[in-house]
Structures are given as structure tokens and as C-alpha cells.
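Hydrogens, waters and symmetry mates are skipped; everything else that's a heavy atom, side chains included, is used. Sequence lines set the chain letters: A, B, ... in the order given, protein chains first and strands last, and positions in each chain run from 1.
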There are 2 protein chains.
Amino acid sequence: MRADARRNRERILAAARTLFASERPEVQIDDVAREAGVGVGTVYRHFPDKQALMGELVKERFKIFNERMRRALDEGEEEPFEALASSIRDNAASVAEDAATRFALMSGGEAVFEHAGEEKDEFLRLARKLVLRARRAGELRPDFQAQDVPMVMCGVCATIDRRGAPWDWRRHLELVLSGMKDGASRR
Amino acid sequence: MRADARRNRERILAAARTLFASERPEVQIDDVAREAGVGVGTVYRHFPDKQALMGELVKERFKIFNERMRRALDEGEEEPFEALASSIRDNAASVAEDAATRFALMSGGEAVFEHAGEEKDEFLRLARKLVLRARRAGELRPDFQAQDVPMVMCGVCATIDRRGAPWDWRRHLELVLSGMKDGASRR
DNA sequence: ACCTGAACACCGTTCAAGT
DNA sequence: ACCTGAACACCGTTCAAGT
């Protein structure tokens, strides 16, 4: 890829991040192009449609999720449940700080997730390992599945900054984590 | 309101319910009008904009929520936590069966909820009573707030039929309910 | 009092012309 | 190879004309 093209691509992503995070009404591609200092056509050259642009944000976010979960696998040998719980806490916190990606995650359609397909698969593989390890240690509710990790994360994300409702997503997450613990090992 | 106007209003709502529930791409007001057998202008005469149309579905759903919670207040004297939990279970199940309202709840903006403002306030009042009673009985986690009722319902709703993900929202809800129980009284 | 649908406005996407 | 932005298409909303 030519150097100027690469630079434009980065500028478009940066503009999308800024605008998706700040604007109230639906952000337009024309706005993204203007903010990035390129023509609309250039946005479409790099991202076939709006969903693909949002998809790229989601893809990058999943990469960050996956890094955090790999670290949990490496470092959490002694406390398998806590390793899983902490990685979910940190991932939720990173989404909470990134309104642009949250917008993409929540309002994007199926295409957005397909764009991040590979990273999503890797996410599930890592979740499976963390879940199995915690289950073997007897710290996790036995019917908890690997797919339940993205499920509960989606549930918590849906309650971050929801239309001005005064919701406390951290308490929400702690409720869920406490529900995930095996009955015998609950505090 | 004239009889034909009332009939048109009902037809429009019925059409919206059918289309929001079945269509894949964003449903158009023109489609709703055609399905209802009226002109577009008639849709706009009854509902000032698309959000108001979705808002009406949400409003009616909140009325159903509130009926269920009033019943829980009347009948659940002996088992206050179970009364709260059952009403949440039933409300989630009723949303799960109603794809049109789920669409309105999830993809509608703030205006949709303002349209159901009064019912939403009543919902919070009922939630407060159910929560206080369960807390007094020592069955509920002491830091659980009345606002957490819509919060956890929103979280669970967000994971019903999400882009073909094979998620089990009933297990999700049971996780949350189990996290809501007071530590001392958990099974 | 209410209904109709052509017309308008807005925004996602394309493509002919340019470098 | 890549960029530009005018033009097109689609869909939410309005409003003049009708009953």
C-alpha cells in the first residue's frame, strides 16, 4: 500500500473514532471524510461501506480483548476464576472508555461482527481455555459455557451510558460475576 | 377520535408489529403504511415520527411489565425475592416472544423512552417496592438498587437473538438473579 | 376531522474525471 | 495506484389537494 494511502486510512479511522464518540445524531460518512481531510470516495476506497468502517473499530477492540485474555491465561494459574473475572472487568472498562467502539458494537449489524470474524474466533478459543480451567478448579458454576463470556460482556456493554439512564455498569458486572461463581465457593 | 381514525391507528400499530418483527433490513414507513392499507400521511398524522411509532410499542410493553409487577407485589408477600425474580423472568420471556418491541427497545433512541415516560416512572416505583421488600427480608444483596431492575433487564434483552449468536438468555438471567441474592441466603 | 400520495430533503454509495 | 466530489438512489417527512 502506498504511503499516502496508508496515511489516509489512518486519518479516516481517527476521524471515525472522534465523531462516533462525540456526535449525537447519526454520524455521516461525509462528516468522517471532512474530518479526515479526504474526499468521500477515499473513505469508500478503504472501507466498502459504513459497516466495514465500524467493523474495523470492533476488530481492533477484539485484538485488545484477546491480548488481555492471553495475559490472564499466562498469569492466572493460581486463581483461575479471578483470572477470568479480571480479564472481563478490564475488557468492560476498556469498552466503557471508548464510546466510538461501543457505538459500533451496539448499533452495528451482523456485518460489523463478520468483519472481525477471525478475532472473534480467537476470542472464543481463549474464553474456552479460561472457562475450562476455572471450571476444573471448581470455582465456576458448572453450567457456565465459553459462549457465556461474550454474552455477559454484551449484556454489561448494553447498559453503559444507555440514554442517560443512571445505571452503574460496574455493579451490574459484579452481580454477573458473583452469579458465575460456583455455589460452594461463593463468599 | 373518529371511529375510522381509531381503526387506522390500530391497523398501523398492527402493521408495525408485523413488519418490525419479520423484516431483516430497516423497515420503512412506506412499508408500514402499505401493510396497514393507509397513506404515509396517515401514519404521520397518528405518530409524529418513526420514534413515536416505536415508542408506542415500548409504552404498551411497559404497561404489561407493570401489570406483572403489581401482581408480584400482591401475591409475593411470603417470598419477596422469588416474587421479584419471577416477575423479571416473566417480563424477559414476554420480550423474548415479541421481536417487534425488542427491535424498538434496542434500536430506538432516547425519544422512544420519553414516549413511554409515565409508564417508565410507574415501573420504577413498582421496582422500588419489590426491591425494598426483598431487601428487608434479607434475601437481596444489600447494595441492589431499584434502578438495577431495568438495568439487568436491559442487559438480558440485549442478548436475546443477537445477530445469530447462539446465546442462552435464560441462563444469562439465572446468572444475574443468582448474583442478586444475598450472600447469606444463596443456595 | 381525517386521508392521500407526490414532492422534498437528507444521507449512503457510485463513478467519471483527475493526479 | 489512488484521490475527488458531483450525481444518484433511497427513505423519512411534509403539505397541497381531496373527502
Side-chain angles (χ1 to χ4, degrees), chain A residues 1-58 100 103-104 106-112 114-115, chain B residues 1-58 100 103-104 106-112 114-115:
Chain A
M1 193 186 275
R2 239 163 59 177
D4 58 339
R6 178 171 303 277
R7 199 170 55 238
N8 279 338
R9 193 189 139 91
E10 287 312 312
R11 276 186 187 161
I12 291 164
L13 280 171
R17 262 188 268 269
T18 305
L19 295 181
F20 284 153
S22 68
E23 298 290 311
R24 283 301 84 197
E26 194 78 358
V27 175
Q28 300 160 219
I29 296 293
D30 279 5
D31 296 333
V32 173
R34 193 176 327 109
E35 172 81 18
V38 301
V40 240
T42 305
V43 176
Y44 281 94
R45 157 165 280 264
H46 287 282
F47 303 97
D49 57 25
K50 207 180 182 182
Q51 300 259 16
L53 180 54
M54 300 200 293
E56 184 62 23
L57 297 186
V58 169
F103 172 77
M106 289 298 136
S107 75
E110 200 159 352
V112 165
E114 272 164 31
H115 189 88
Chain B
M1 192 186 276
R2 239 163 59 179
D4 57 341
R6 177 170 305 278
R7 198 172 53 240
N8 279 338
R9 194 189 139 90
E10 288 311 313
R11 277 188 189 162
I12 290 163
L13 280 171
R17 263 188 266 271
T18 305
L19 294 181
F20 285 152
S22 68
E23 298 291 310
R24 284 302 84 199
E26 194 77 0
V27 175
Q28 300 160 217
I29 297 293
D30 279 4
D31 296 332
V32 174
R34 193 176 326 110
E35 173 81 18
V38 301
V40 241
T42 304
V43 176
Y44 281 94
R45 157 166 279 265
H46 288 281
F47 303 97
D49 57 23
K50 206 179 181 181
Q51 300 259 14
L53 180 54
M54 299 200 295
E56 184 62 22
L57 298 186
V58 169
F103 173 77
M106 290 296 135
S107 75
E110 200 158 352
V112 165
E114 272 164 29
H115 189 88

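Paired runs in DNA chain D that reach 3 or more consecutive Watson-Crick or G-U pairs, where each pair keeps both distances under 3.5 Å, cover C:4-8 with D:12-16, C:12-16 with D:4-8.
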Write out a two-atom table: protein N or O, nucleotide N or O from nucleotides 6-8 of chain C, distance below 3.5 Å.
none

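Between the P atom of D/dT13 and the CG atom of B/Leu53 lies a distance of 10 Å, rounded to the nearest Å. Atom P of nucleotide D/dA1 and atom CZ of A/Arg9 are separated by 19 Å, given to the nearest angstrom. For the pair A/Lys50 NZ and C/dC10 C1', the interatomic distance rounds to 12 Å; values are reported in whole Å. The interatomic distance linking B/Arg6 (CZ) with C/dC2 (C1') rounds to 14 Å, in whole Å. In this structure, CG of B/Asp31 is placed 13 Å from P of D/dC10, rounded to the nearest angstrom. Rounded to whole Å, the distance from CD on B/Gln28 to P on D/dA9 is 16 Å. Note: CZ (A/Phe47) to C1' (C/dT13) measures 16 Å, nearest angstrom. Note: CZ (A/Arg7) to C1' (D/dC3) measures 12 Å, nearest angstrom.
Taking 4.0 angstrom as the limit, A/Asn8 places a side-chain polar atom (N or O) nearer than this to OP1 or OP2 of D/dC3. Close to C/dC2, at under 4.0 Å from its OP1 or OP2, lies no side-chain N or O of B/His46. Taking side-chain N and O atoms only, A/Tyr44 has no distance below 4.0 Å to OP1 or OP2 of C/dT14.
Atoms CZ and CZ, on B/Phe47 and B/Arg9 in that order, are 4.0 Å from each other to the nearest 0.5 Å. Put simply, CG on A/Asp4 and CZ on A/Arg2 are 4.5 Å apart, with the number rounded to the nearest 0.5 Å. The line from CG of B/Asn8 to CE of B/Met1 is 10.0 Å long, rounded to the nearest 0.5 Å.
Which of D/dT13, C/dC2, C/dT13 sits closest to the side chain of A/Ile29 comes down to C/dT13. Comparing D/dT4, D/dC2, C/dG12 against the side chain of A/Glu26 picks out C/dG12 as the nearest. Between D/dC2, C/dC11, C/dC3, one nucleotide has an atom nearer to the side chain of B/Ala5 than all others, and that is C/dC3. Candidate nucleotides C/dT4, D/dC3, D/dT13 were compared by shortest atom distance to the side chain of B/Val38, and C/dT4 ranks first.
Distance alone, capped at 3.5 Å, is enough to place a donor-acceptor pair between the A/Ser22 side chain and the A/Thr18 backbone.
Side-chain atoms of B/Gln51 and B/His115 form no donor-acceptor pair, as typed in the model, at a separation below 3.5 Å.
Between B/Arg2 and A/Arg45, the residue whose closest nucleotide on DNA chain D is further toward the 5' end is A/Arg45.
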Evaluate the criterion side-chain contact (heavy atoms from CB on, under 4.5 Å) for residue pair A/Phe103 and A/Glu26; output intermediate values, then yes/no.
CA-CA 10 Å; A/Phe103 172 77; A/Glu26 194 78 358; 3.8 Å; yes

Is there a side-chain contact (heavy atoms from CB on, under 4.5 Å) between A/Glu110 and A/Glu114? Walk through the geometry before answering.
CA-CA 6 Å; A/Glu110 200 159 352; A/Glu114 272 164 31; 3.9 Å; yes

Do B/Ile29 and B/Leu53 pass the side-chain contact (heavy atoms from CB on, under 4.5 Å) test, and can you show the C-alpha distance, the side-chain angles, and the key distance before you say yes or no?
CA-CA 10 Å; B/Ile29 297 293; B/Leu53 180 54; 4.3 Å; yes

Test salt bridge (Lys or Arg N to Asp or Glu O under 4.0 Å) on A/Arg34 and A/Asp31; report intermediate values, then the result.
CA-CA 5 Å; A/Arg34 193 176 327 109; A/Asp31 296 333; 3.5 Å; yes

Hey, mind stepping through B/Glu35 and B/Val32 against side-chain contact (heavy atoms from CB on, under 4.5 Å) and telling me if it holds?
CA-CA 5 Å; B/Glu35 173 81 18; B/Val32 174; 5.8 Å; no

